[in-house]
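Below is one structure, written out as structure tokens; comments come after it.
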4 protein chains.
Amino acid sequence: MHRGNRHGRSEEARLSVLEAADDLLVEKGFAQLTIEGIAQRAGVAKQTIYRWWSSKTEILLDAFLSDAAEDLNPRGNAAPDDVATNLRRLAWFLTRSDAGAVFRALMAEAQHDPALAARLRTEYLDKQKERAGFTDGALFDRLVGPIYYRALVTGEEITDRFIDDLVTATFPPASRA
Amino acid sequence: MHRGNRHGRSEEARLSVLEAADDLLVEKGFAQLTIEGIAQRAGVAKQTIYRWWSSKTEILLDAFLSDAAEDLNPRGNAAPDDVATNLRRLAWFLTRSDAGAVFRALMAEAQHDPALAARLRTEYLDKQKERAGFTDGALFDRLVGPIYYRALVTGEEITDRFIDDLVTATFPPASRA
Amino acid sequence: MHRGNRHGRSEEARLSVLEAADDLLVEKGFAQLTIEGIAQRAGVAKQTIYRWWSSKTEILLDAFLSDAAEDLNPRGNAAPDDVATNLRRLAWFLTRSDAGAVFRALMAEAQHDPALAARLRTEYLDKQKERAGFTDGALFDRLVGPIYYRALVTGEEITDRFIDDLVTATFPPASRA
Amino acid sequence: MHRGNRHGRSEEARLSVLEAADDLLVEKGFAQLTIEGIAQRAGVAKQTIYRWWSSKTEILLDAFLSDAAEDLNPRGNAAPDDVATNLRRLAWFLTRSDAGAVFRALMAEAQHDPALAARLRTEYLDKQKERAGFTDGALFDRLVGPIYYRALVTGEEITDRFIDDLVTATFPPASRA
DNA sequence: GGCTAACCGAGACGGTACGTCCAGTCTTCGT
DNA sequence: ACGAAGACTGGACGTACCGTCTCGGTTAGCC
């Protein structure tokens, strides 16, 4: 593995930064996450971080997009059973996974960082919607909205029952026949 | 109003801190909001702030709870028409009002501050649900979840059409008769 | 001893900074002397240093002027015997004392720092000349110049013989009678 | 001129480094002179500098010795008239020439760099003394010392009058006859 | 005339210190 | 007793250079 030459950046440094950022976020939380801490944990000079990223959120976004997106690939289609399964996966992702912790931190920062908000939407949320196979955006929002609401806002547990009721109410049995 | 006295805290100082915090949040965003900045704008010593609040989020929470909660009082009851009206008010609050900006910032911080999250829930969200007159929490979440989702996550516009469809889907006409 | 209050600066902090700077200069030399190192050795925050001094040379000048000037008070008058004694003291100061090490460092910096050069002249050199009781500046320079030259430039030892010859040549015996 | 060969270093690179160092010293002063700056100005890679010089002072010394020494060749011998002329040339060199600026910077660094001090003495000062034709070192020092003193220490102007008095005092008319 | 060694430029790397900013604590004075 | 003022320790910020390194390109001189 090369480190510092005219071919450009060191992949080794890049990966250890992303991993360190991920780990430290989960360990100490966003507020206690510092560039200096990441550099130290990654065994990398601060300047190397500033050369390639402009802020800690950008590091997290990078880490999130590269190692988390695929975990979340919805499968199946918009049929109710598949929908329920995918919503359960979404709930697990948002509330239980490490990548979800990173996502919550990014979502939080996006509240006062429009550029980050835009990147999160185009590079993650929009792709989620596409992969889920929904043509009706409002319908999609009525399904995932309550999940995000509990995960990000109330913190209330997202039970299977909650998801089943949500799917049933959105696709009433009467309309299935 | 008294300043430097033996009669307890200065109401004048308290109000000018809350106002300064509110203003600076809207002007410069959460990240650029500092205790020192608030103290300077409010014409108050830093120590005075630390004596009564423990962090900038607590100042914001104080400001939010005292001057924004009442704006949001739902009216009417859980009947569909009132529900739609209240959801429209909620959407306006979250996306258009200054208090909404404070709320988004607080929500963001709550992602990595469990104490703040708890206070936001007990002192704001729970009361909202109560005042809205919903006995079924899951039903309430299916209604407001999509609103919060668009306001906090996707940033997509919350149109009247979106709200009407949401209400209609949640209370299908068939079930009204 | 007070530390940080509205009466102004902490004398304790001031003195420990000056002492730390002096010590570190002698121990490690000017190039290895850093503000961070001084702060650490003095048990003081970097900001406290930057609040009162603008550079490491200013700290050294402060230390030099306060603790070294009096050591050098010339005594007697411009009579040859007193002159020789005072020149010996000057030679010892420049080449052997800790304060002399600080002075050499300051002289060095003054080569590319006109403000420092000016302060050194007005606050130290001029006073030296005055205290020595010389009315003829050129005469004074012919006496001390060779001492400084050996101390700062050639590093050659300044022997008693060298000083005696210097005084004899400057005040020829013929002129004494 | 070649770049990339197996016959040793590029004269082109060497000269442009020396010139860049000289120029930058005069322009920005010793403290602001950096290896990176020299490399950039000279259009040369940093590594090329580190391959041939070990520090910025070594570059300056190289530049100084190669382009300044000859300017200073004393002429004539130790006779009073020649001496005065040579002292005037020395004063001009130290206070007015670009090479003098480099020399002052080197002298300054030599205060805390014994190796540099040694090289300056053997490769410049000793040769000066030899070329001046003085057998009595102390006598030489009594002549040049006051010049260096004013140039390096007090910054006071070195007038023709000052030099004439210096020579007269050192070689009293009575002793000439 | 292709090979190859020596030197070149470029520039990324791990580090250290810079000078600044803000956090949170403390002490004193004035009201 | 409280508020204003402001100095203090502490620590992260983002920047500038340090000195080291690896790489690809150029150019002799040799086979």
Side-chain angles (χ1 to χ4, degrees), chain A residues 1-10 12-14 32-40 42-52 54-56, chain B residues 2-10 12-14 32-37 39 42-52 54-56, chain C residues 1-10 12-14 32-40 42-52 54-56, chain D residues 1-10 12-13 32-40 42-52 54-56:
Chain A
M1 189 60 55
H2 52 247
R3 352 184 326 167
N5 56 42
R6 75 179 307 180
H7 300 309
R9 75 192 288 186
S10 158
E12 190 180 9
R14 184 182 150 265
Q32 309 306 319
L33 181 66
T34 65
I35 300 271
E36 294 212 330
I38 296 171
Q40 191 153 14
V44 141
K46 247 195 321 180
Q47 184 58 45
T48 297
I49 295 185
Y50 283 106
R51 187 153 30 229
W52 302 110
S54 62
S55 66
K56 64 179 178 178
Chain B
H2 48 248
R3 6 180 309 172
N5 60 45
R6 52 191 312 180
H7 312 296
R9 85 189 276 190
S10 157
E12 186 182 15
R14 183 180 154 268
Q32 309 307 319
L33 182 67
T34 66
I35 299 272
E36 294 209 343
V44 140
K46 249 198 320 181
Q47 187 55 39
T48 299
I49 294 184
Y50 281 108
R51 188 148 31 226
W52 302 108
S54 63
S55 66
K56 65 179 177 179
Chain C
M1 190 57 56
H2 53 248
R3 353 182 325 167
N5 56 43
R6 70 180 306 178
H7 300 308
R9 75 191 288 187
S10 158
E12 188 180 9
R14 183 182 151 265
Q32 308 307 319
L33 182 66
T34 65
I35 300 269
E36 295 213 329
I38 295 170
Q40 191 153 15
V44 141
K46 245 193 325 177
Q47 183 58 45
T48 296
I49 295 185
Y50 283 107
R51 190 160 20 235
W52 303 110
S54 63
S55 65
K56 63 180 179 180
Chain D
M1 197 51 57
H2 51 247
R3 0 181 314 170
N5 61 51
R6 56 188 308 180
H7 308 297
R9 74 193 287 188
S10 157
E12 188 181 15
Q32 309 307 318
L33 182 66
T34 64
I35 299 271
E36 294 211 343
I38 296 170
Q40 191 153 14
V44 140
K46 249 197 318 181
Q47 185 56 39
T48 298
I49 294 184
Y50 282 107
R51 193 157 21 230
W52 304 108
S54 63
S55 65
K56 64 179 178 180

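Side-chain atoms are counted along with the backbone in the values below, which use heavy atoms only and exclude waters and symmetry mates. Below, read A as the first sequence line, B as the second, and so on, with proteins coming before strands; counting in each chain starts at 1.
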[atom1] of [X] versus [atom2] of [N]: gap in Å, rounded?
X: B:Tyr50; N: E:dT27; atom1: OH; atom2: P; result: 17 Å
X: A:Gln32; N: E:dA23; atom1: CD; atom2: P; result: 14 Å
X: C:Arg9; N: E:dC26; atom1: CZ; atom2: C1'; result: 19 Å
X: B:Ile49; N: F:dC2; atom1: CD1; atom2: C1'; result: 15 Å
X: D:Ile35; N: F:dC21; atom1: CD1; atom2: P; result: 16 Å
X: C:Glu36; N: E:dA17; atom1: CD; atom2: P; result: 7 Å

- prompt: So which nucleotide from E:dA17, F:dA5, F:dC8 ends up closest to the side chain of C:Thr34?
  reply: E:dA17
query: With a non-hydrogen cut-off below 4.0 angstrom, is C:Thr48 in contact with a base, only sugar-phosphate, or nothing?
result: base
- prompt: Looking for any heavy atom pair under 4.0 Å, which part of the strands does B:Gly37 touch: base, sugar-phosphate only, or nothing?
  reply: nothing
field: Residue closer to the 5' end of DNA chain E, B:Gln47 versus B:Leu33 (nearest nucleotide)
entry: B:Leu33
Whichever of B:Ser55 and A:Ala45 has its nearest DNA chain E nucleotide further upstream toward 5': A:Ala45
field: Check: C:Lys46 side chain, F:dG11 base, donor-acceptor under 3.5 Å
entry: no
- request: Determine: side-chain N/O of B:Arg51 to OP1/OP2 of F:dG3, distance under 4.0 Å, yes or no.
  value: yes
message: Would you say A:Trp52 places a side-chain N or O within less than 4.0 Å of OP1 or OP2 belonging to E:dG11?
response: no
task: Output the distance between atom OG1 (B:Thr48) and atom NZ (B:Lys46), rounded to the nearest 0.5 Å.
output: 11.5 Å
query: Is A:Arg9 close to A:Trp52 at the side-chain level, that is, under 4.5 Å between some pair of heavy atoms?
result: yes
- line: Axis-to-axis angle across the helix from E:dG1-F:dC31 to E:dT31-F:dA1, five pairs each end, nearest 10 degrees, ~ 0°
Identify the pairs formed between an N or O of the protein and an N or O of nucleotides 3-5 of chain E at a distance under 3.5 Å, and give each distance.
from  : atom 1 : to     : atom 2 : distance (Å)
E:dA5 : O4'    : D:Arg6 : NH2    : 3.4

